[in-house]
*Asks:* 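My structure is below; once you've seen it, I'll send some questions.
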Amino acid sequence: MKRIKFLFAATAIAASVTFVSCEKDQTDSPAQETSLEVEKDVLNKITSLHFNPNGAEKVMESDIDGSQKVMYLLEGDIKMSYDQIMKMDIGDGVDSKQYRTTNLVSTPRTVRVVGYNGNDRFGLSTVAQRGLQYAVANYNALNINIQLNLVFSTSFNANDIVAYAETNASVIAQDGVRGEAGFPEAGQPFKRVKINGGANRNGDDQLLEGLFTHELGHCFGLRHTDWNTRQSCGQQGESAGAIGAIYIPGTPGASNDSSSIMNACFPYNEGEFGQYDRVALEYLY
């Protein structure tokens with residue numbers, strides 16, 4: 001049984017090993033958007049950063065606060081703005097290890113995580129809220145200089161990470177268990193973690209724990225462990241070459257850690273970090 005600092009605990013349910021994709025949710029294209037084609041300079045830049053350009057999308061993102069903005073969706077579940085992409089650096093090269101971005105969160109700090117619990121389409125289900133509790137507990141159990149404080153509310157501010165659902169069938173496909181997040185900017189973690197309707201309706205709190213743990217990993221700067229191959233999804237990625245992501249010492253190698261919660265299609269793991277996920281985060285923070 002997990003010991004949770006927040007509302008309650010639940011007994012972990014044994015399950016057969018499955019793999020969960022954090023691939024994108026699908027969004028409708030607003031009529032007023034003249035072009036959602038990814039620009040050539042963006043494709044060139046994301047390729048130079050060794051994100052896989054295949055399947056990159058430009059989308060009109062509707063936020064929980066009612067605002068809309070153009071974002072780029074990379075590798076299935078990573079959202080970045082045009083400025084974030086164009087300002088991102090490749091760092092000092094890579095090695096065949098686990099990877100982070102050049103963008104990290106300034107520490108020490110306390111981060112408020114808001115699980116949105118409204119009665120509208122953005123509200124997290126009871127099971128999703130429990131999965132988020134477990135995920136936050138995963139981070140607070142690490143020996144790092146970041147503490148996450150979780151609350152459930154409909155109120156949030158600009159400095160909070162807000163976890164919410166998008167369950168409008170006309171906006172987000174309801175199939176599968178999927179999520180989206182992004183990378184830090186200016187020393188701040190990415191502010192939005194979104195899950196789709198399929199995730200929000202799912203009855204397995206351990207699977208939801210894994211999904212939220214994975215997406216929060218992006219918020220704190222972790223790339224997909226198998227970013228160079230996406231082999232956890234049964235895909236073949238492009239070779240990273242000699243640059244493009246930053247080596248985290250003490251980890252076993254890109255596409256060589258099947259237990260990593262940060263694989264593109266992460267293992268069930270009962271929602272827990274793999275051994276080297278903990279090594280990576282404790283090294284960074």
Side-chain angles (χ1 to χ4, degrees), residues 1-22 77 105 110-118 122-144 146-153 156 160-167 176-181 189-220 222 225 232 257 259-282 285:
M1 178 177 291
K2 293 176 180 289
R3 291 186 297 173
I4 302 302
K5 299 179 181 178
F6 314 113
L7 299 183
F8 46 79
T11 301
I13 301 171
S16 60
V17 176
T18 57
F19 289 80
V20 183
S21 171
C22 63
D77 74 325
V105 176
T110 297
V111 178
R112 186 172 182 256
V113 178
V114 177
Y116 186 83
N117 64 350
F122 301 112
L124 296 177
S125 68
T126 299
V127 176
Q129 290 181 40
R130 192 159 61 241
L132 179 59
Q133 288 180 309
Y134 293 165
V136 167
N138 285 341
Y139 283 88
N140 285 340
L142 297 171
N143 183 23
I144 60 176
I146 296 174
Q147 176 74 25
L148 303 185
N149 286 346
L150 175 63
V151 299
F152 291 99
S153 177
F156 52 90
D160 295 331
I161 295 176
V162 182
Y164 67 102
E166 174 56 270
T167 57
V177 173
R178 305 176 189 272
E180 293 178 5
F190 192 77
K191 304 303 182 186
R192 297 291 186 266
V193 173
K194 180 172 70 174
I195 64 172
N196 76 330
N200 203 40
R201 296 193 317 271
N202 194 280
D204 188 335
D205 52 18
Q206 305 299 289
L207 187 148
L208 270 294
E209 175 188 2
L211 181 62
F212 281 121
T213 299
H214 177 106
E215 300 304 343
L216 285 170
H218 289 319
C219 294
F220 292 112
L222 292 183
T225 301
S232 63
D257 184 6
S259 68
S260 175
I261 202 74
M262 293 310 299
N263 279 322
C265 291
F266 54 92
Y268 187 85
N269 278 5
E270 293 189 348
E272 305 295 334
F273 286 122
Q275 174 185 352
Y276 294 106
D277 298 323
R278 291 188 288 272
V279 169
L281 284 161
E282 291 179 355
Y285 293 113

*Asks:* Which pair of heavy atoms, one from Cys265 and one from Ser232, lies closest together, and at what distance?
*Replies:* N-OG, 2.9 Å
*Asks:* If you define the side chain from C-beta out and look only at heavy atoms, does anything of Val162 sit under 4.5 Å from Phe122?
*Replies:*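 No; the side chains remain at least 4.5 Å from each other.
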*Asks:* Determine the minimum heavy-atom distance between Val177 and Ala199, stating which atoms define it.
*Replies:*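 Closest pair (atom of Val177, atom of Ala199, distance): CG1-CB, 3.7 Å.
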*Asks:* Check whether any side-chain heavy atom of Leu207 lies under 4.5 Å from a side-chain heavy atom of Tyr268, and answer yes or no.
*Replies:*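 Contact flag for Leu207/Tyr268 side chains = yes.
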*Asks:* Please check if the side chain of Asp204 supplies one atom and the backbone of Gln206 the other of a donor-acceptor pair under 3.5 Å.
*Replies:* yes
*Asks:* With a 4.5 Å cut-off on side-chain heavy atoms, are Leu142 and Phe273 touching?
*Replies:*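 Yes, their side chains come closer than 4.5 Å.
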*Asks:* Do the non-hydrogen side-chain atoms of Leu222 and Leu281 ever get within less than 4.5 Å of each other?
*Replies:*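 With C-beta onward as the side chain, the pair touches.
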*Asks:* What's the spacing between Arg278 CZ and Ile261 CD1 if we round to 0.5 Å?
*Replies:*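 It is 10.5 Å, given to the nearest 0.5 Å.
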*Asks:* Of the non-hydrogen atoms in Ile146 and Asn140, which two are nearest, and what is the gap between them?
*Replies:*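 Here Ile146 and Asn140 meet closest at O-OD1, 4.4 Å.
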*Asks:* Look up atom CG in Asn117 and atom OG1 in Thr126, then write down how far apart they are to the nearest 0.5 Å.
*Replies:*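 That separation rounds to 9.5 Å.
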*Asks:* How many angstroms lie between atom CD of Gln275 and atom CG of Asp257, to the nearest 0.5 angstrom?
*Replies:*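 Rounded to the nearest 0.5 Å, the CD-CG separation comes out at 8.5 Å.
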*Asks:* Could you walk me through whether Glu180 and Phe190 pass side-chain contact (heavy atoms from CB on, under 4.5 Å), step by step?
*Replies:* CA-CA 11 Å; Glu180 293 178 5; Phe190 192 77; over 6 Å; no
*Asks:* Please give me the minimum heavy-atom distance between Glu209 and Asn138, naming the atom from each residue.
*Replies:*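 Shortest heavy-atom separation between Glu209 and Asn138 comes out as OE2-ND2, 2.9 Å.
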*Asks:* Might you point out which heavy atoms bring Val114 and Ser153 nearest each other, and give the distance in Å?
*Replies:* CG1-O, 3.8 Å
*Asks:* Taking Ser259's backbone N and O only, do any of them form a donor-acceptor pair with Asn269's side chain (distance below 3.5 Å, no angle check)?
*Replies:*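 Checking the backbone N and O of Ser259 against the side chain of Asn269, a donor-acceptor pair under 3.5 Å is found.
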*Asks:* Side-chain contact test, heavy atoms from C-beta onward, threshold under 4.5 Å: evaluate it for Phe266 versus Leu211 and give yes or no.
*Replies:* yes
*Asks:* At what distance, to the nearest 0.5 angstrom, does CD1 of Ile161 lie from CZ of Phe212?
*Replies:*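 Ile161 atom CD1 to Phe212 atom CZ measures 12.0 Å (nearest 0.5 Å).
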*Asks:* Are Met262 and Asp277 side-chain neighbours, meaning at least one heavy-atom pair lies under 4.5 Å?
*Replies:* yes
*Asks:* Would you say Tyr285's side chain and Val105's backbone share a donor-acceptor pair under 3.5 angstrom?
*Replies:*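 Yes; judged by distance alone, with no hydrogens or angles, the pair exists.
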*Asks:* Please give me the minimum heavy-atom distance between Arg192 and Phe156, naming the atom from each residue.
*Replies:*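 Closest pair (atom of Arg192, atom of Phe156, distance): NH2-CE1, 3.6 Å.
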*Asks:* Do Thr213 and Tyr139 make a side-chain contact, defined as non-hydrogen atoms from C-beta onward lying under 4.5 Å apart?
*Replies:*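 A side-chain contact under 4.5 Å exists here.
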*Asks:* Is any side-chain heavy atom of Leu124 closer than 4.5 Å to one of Asn200?
*Replies:* yes
*Asks:* Ile195 and Leu208: side-chain contact (heavy atoms from CB on, under 4.5 Å), yes or no, with the steps?
*Replies:* CA-CA 9 Å; Ile195 64 172; Leu208 270 294; 4.1 Å; yes
*Asks:* To the nearest 0.5 angstrom, please state how far the NE2 atom of His214 sits from the NE2 atom of His218.
*Replies:* 3.0 Å
